[in-house]
Amino acid sequence: MKQRVQTLLREKFERDVVLEKPKDRSFGHFATPIAFSLAKELRKSPMVIAEELASSFNESDVFESVDSLKGYINFKLSENFLNEYASYVIENPADFAKGKHKEKILLEFVSANPTGPLHIGHARGAVYGDTLLRLGRHLGYDITAEYYVNDAGNQIDLLGLSLQLEAQNTLFDMSVELPEKYYRGEYLTDLSKIANSEFGKDILLDSTRQKELALWAKDRVMELVVSDLKDANIEFDTFVKESSLYSDWDRVMAKMGDGIYEQDEKKWIKSTQFDDDNDRVVVREDGRPTYLAGDIVYHNKKYEQGFDHYINIWGADHHGYIARVKAAIEFLGYDSKKLEIQLSQMVSLLKDGEPFKMSKRSGNVILMSEIIEEIGSDALRFIFASKKCDTPLEFDVEELKKEDNSNPIYYIQYAHARIKTVHKKSEKSEKEISDAKLINLNADADALLFDALLLPEIVEDAFNSRQVQKLPEYLKTLSASLHKFYYDHRIIGEENETKYLKLLNIVALSLKTGLGLLGIEAKDSVYKD
RNA sequence: GCGCUUGUGGCUCAACUGGAUAGAGUAUCGGUUUUCGGCACCGACGGUUAUAGGUUCGAAUCCUAUCAGGCGCACCA
């Protein structure tokens, strides 16, 4: 819709035109402040320019009216145009809000260490990433969802140690002393039991077998992670293991040429050349590559696959890392601007206004699985998708269990279910409804129709700006319009019954499509039995 | 100390990335409907957009300084 108008205006004005939502819906459907920017060139007042431009529009199929007001030009779409678009949408529901983009994008997200189940902070990045993925794919982008598994280094050794200590403590009653740095949580108890029955006691007692134990355990933990993600409707296409990358290190290091130098028997990357605070060590004195080396090989691997664009979603605590990775990419001879890094901020939870109590089993963090048990995957996804991911977020789990309009997910599902019920009660046939023409309606119906048809713009905008919260925001607004319309107008038995039902169909489709893009299934009933 | 980031009604968040009178929900108070769905709808109250300057037709948005919070400043991952 917007694109159509934009194209028309671009042809007319021979330049790109900013189109926005008018302050007041009664002004029209779209508006542009173009007269303000022309004012300087033409040396005339914006008011005059806007008036001249507005009156230069002839009667057309698309616009019912074009008016100027205080320097803005307001466009009102014609009922005919809206009706035709509505019919197209109803006949091609699966294509609603789809796009024609073609670019290949590699989207890396979550990438939590395989040393424990996912916690609430991971969940936010996971939901954000998966929502972007769904939006992008709907728009036509060819996106690969990738998880980077940090299955090498000290943390894996620590996992082996933690598992042994846990077993010695809880399984064998040895009451050993637990060091500060060690993983905790119920999953360790579970894993130690499995290890015990699968390999015998020895692997949990013999410190020389820690490594062996760890290598086994990290794969089990990854299974936990994958299952946590699956519970939230999140799946990945590819998993890249850090441990598989180091064999390529020598080749990749050579590729960076002058970017690498030697000093104090270590190898450094000259990342200060690209705005980093310090140069970074990539190979230690003893010849072992650092974590950064793995990440460099990893990003080289990404770029060698020739995607058009790369998106990484990182926890905000990694922001110091951006400069060095981008520097490495430049040294490798690639364009670091193709790599975009989105940071996801911390989350804190409340329950009845008090800090959410962590269960004993989880150690010292709130687990993603606990929250899904508490409020369900739908509510979790919705709340995380509704907030900009780079601002800290606090929410109360009790708010998300309520069944009234303080709970947006309920409010939206209710709107959708209401429409379904009205349909069931009506005796009109599907054909009668889809044949109805949405013209000569009242202002309320016109407004609701326009709102429902706005989804494509929202999806496009939410993805392009990476601000996925625009979609939940839109769905809330659309639901409110629906509820209001429903309150103000009786539908069954009215003169406009078929028209109204078609209109409601479009609203329902918009809600359903939007929810689907959030990884949430629209419900036909909100009753709990 | 340096760097990044955030600061919007009592609370949780928006604001089309520089556009019209800064909007929703919640809380508080008042009203409508009691039916196609338990629900929902309307109104009132609430703001110097942290503070002080600057840029221009126009600033919550951009620039500078200050204040406050968060995060980072590993040869850990």
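A note on names: the letters A, B, ... follow the listed sequences, proteins ahead of strands, and every chain is numbered from 1.
Within the 4.0 Å cut-off from OP1 or OP2 of B:rA14, not a single side-chain nitrogen or oxygen of A:Gln467 is found. Of the side-chain N and O atoms in A:Lys402, none sit less than 4.0 angstrom from OP1 or OP2 of B:rU26. The shortest distance between the side-chain N/O atoms of A:Lys388 and the OP1/OP2 oxygens of B:rU6 is not below 4.0 Å.
Atom name C1', nucleotides B:rG70 and B:rC36: the rounded distance is 50 Å, in whole Å. The gap from the C1' atom of B:rU35 to that of B:rC41 amounts to 13 Å, rounded to the nearest Å. B:rG9 and B:rG54: their C1' atoms are spaced 28 Å apart (whole Å). Comparing the C1' positions of B:rA40 and B:rG25 gives an interatomic distance of 15 Å, to the nearest angstrom. Taking the C1' atom of each, B:rU48 and B:rG3 are spaced 32 Å apart, rounded to whole Å. Comparing the C1' positions of B:rU12 and B:rU6 gives an interatomic distance of 16 Å, to the nearest angstrom. Taking the C1' atom of each, B:rA60 and B:rG7 are spaced 11 Å apart, rounded to whole Å. B:rG69 and B:rU8 are spaced 14 Å apart, taking the P atom of each and rounding to whole Å.
Each of B:rG37, B:rC36, B:rC41 was ranked by its minimum atom distance to the side chain of A:Thr421; first place goes to B:rG37. The nucleotide whose nearest atom lies closest to any side-chain atom of A:Lys470 is, among B:rC16, B:rC41, B:rG38, B:rC16.
Listed here is the closest heavy atom pair of A:Asn278 and A:Arg280: O-NE, 3.3 Å. For A:Ser510 against A:Leu455, the heavy-atom pair with the smallest separation is OG-CB, 3.4 Å.
With 3.5 Å as the limit, one finds a donor-acceptor pair spanning the side chains of A:Asp279 and A:Tyr261. Residues A:His318 and A:Asn312 bring no donor and acceptor atom of their side chains to less than 3.5 Å of each other.
Along RNA chain B, the nucleotide nearest A:Leu19 and the nucleotide nearest A:Gln155 are compared for position; the residue whose nucleotide lies closer to the 5' end is A:Leu19. Remark on RNA chain B: of its neighbouring residues A:Lys2 and A:Arg418, the 5'-side contact belongs to A:Lys2, judged by nearest-heavy-atom nucleotide.
Taking atom NZ of residue A:Lys425 and atom P of nucleotide B:rC36, one finds them 6 Å apart after rounding to whole Å. Atom-to-atom, NZ of A:Lys326 to P of B:rC4 comes out at 15 Å; the value is rounded to the nearest Å. When the C1' atom of B:rU5 is taken as reference, atom CD1 of A:Ile322 falls 11 Å away, rounded to whole Å. Atoms CD1 (A:Ile49) and P (B:rC57) sit 13 Å apart, rounded to a whole Å. One atom, CD1 of A:Ile419, and another, C1' of B:rC36, lie 12 Å apart when rounded to the nearest Å. With rounding to whole Å, A:Gln413 atom CD is found 17 Å from B:rG38 atom P. Distance CG (A:Leu448) to P (B:rA40): 18 Å, rounded to an integer number of Å. In this structure, CZ of A:Phe485 is placed 17 Å from C1' of B:rU33, rounded to the nearest angstrom.
Partners of A:His101 according to the ring pair (Phe, Tyr, Trp, His ring centres under 6.0 Å) rule, which considers only residues two or more places apart in sequence or in another chain, are A:Tyr141. A search for ring pair (Phe, Tyr, Trp, His ring centres under 6.0 Å) contacts involving A:Phe450 returns A:His29, A:Phe30, not counting sequence neighbours. With sequence neighbours left out, the ring pair (Phe, Tyr, Trp, His ring centres under 6.0 Å) criterion links A:Trp216 to A:Phe199. Residues meeting the salt bridge (charged side-chain N to carboxylate O under 4.0 Å, His left out) test with A:Glu52, sequence neighbours left out: A:Lys44. Evaluation of the salt bridge (charged side-chain N to carboxylate O under 4.0 Å, His left out) rule for A:Lys70 yields no partner, not counting sequence neighbours. A:Phe239 is linked by a ring pair (Phe, Tyr, Trp, His ring centres under 6.0 Å) to A:Tyr147, A:Phe236, counting only residues two or more places apart in sequence or in another chain.
Nucleic acid contact class of A:His423 (heavy atoms, under 4.0 Å, all strands): none. Using a 4.0 Å heavy-atom criterion, one finds that A:Ser465 contacts the bases of the nucleic acid, with or without backbone contacts as well. Among the atoms of the strands shown, none is found under 4.0 Å from any heavy atom of A:Glu399. Within the 4.0 angstrom heavy-atom criterion, no nucleotide atom of any strand lies near A:Asn464.
A side-chain contact (heavy atoms from CB on, under 4.5 Å) with A:Val110 holds for exactly one of A:Leu229, A:Val149, A:Asp228; it is A:Leu229.
In summary, A:Lys470 and A:Glu473 do not engage in a salt bridge, as defined by a charged side-chain N under 4.0 Å from a carboxylate O. Salt bridge absent: A:Lys302 and A:Glu146 never bring a charged side-chain N and a carboxylate O closer than 4.0 Å.
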Verdict with reasoning, A:Glu460 to A:Lys2, per salt bridge (Lys or Arg N to Asp or Glu O under 4.0 Å): CA-CA 11 Å; A:Glu460 183 87 34; A:Lys2 188 174 179 179; over 6 Å; no

Nucleotides 19-24 of chain B: protein proximity per nucleotide (B base, S sugar-phosphate only, - neither; heavy atom, under 4.0 Å): BB----

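Ring planes of A:Phe485 and A:Tyr500: perpendicular class, angle over 60° (limits at 30 and 60°). Ring geometry for A:Tyr298 versus A:Tyr148: interplanar angle under 30°, hence parallel rather than tilted (30 to 60°).
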Short heteroatom pairs, N/O only, protein and nucleotides 67-73 of chain B, under 3.5 Å:
residue : atom : partner  : partner atom : Å
B:rC71  : O2   : A:His319 : NE2          : 3.0

Every protein N/O lying under 3.5 Å from an N/O of nucleotides 42-45 of chain B:
none

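Figure legend: A:Arg381 and A:Phe384 shown without cation-pi pairing, the cationic atom not lying both under 6.0 angstrom from the six-membered ring centre and within 45 degrees of its axis.
In this structure, OG1 on A:Thr498 lies 7.5 Å from CG on A:Asn496, to the nearest 0.5 angstrom.
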Donor-acceptor contacts, no H, no angles, side chain residues 113-121 of chain A, under 3.5 Å, sequence neighbours left out:
residue  : atom : partner  : partner atom : Å
A:Asn113 : ND2  : A:Gln155 : OE1          : 2.7
A:His119 : ND1  : A:Gly121 : N            : 3.0
A:His119 : NE2  : A:His122 : NE2          : 3.4

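Within residues 287-295 of chain A, the residues having any heavy atom closer than 4.0 Å to RNA chain B are, in order of number, A:Thr290, A:Tyr291.
By the rule that a glycosidic angle within 90° of 0 means syn, B:rU49 does not qualify and counts as anti.
Stem analysis of RNA chain B (Watson-Crick or G-U pairs, both distances under 3.5 Å, runs of at least three) returns B:1-7 with B:67-73, B:10-13 with B:23-26, B:28-32 with B:40-44, B:50-54 with B:62-66.
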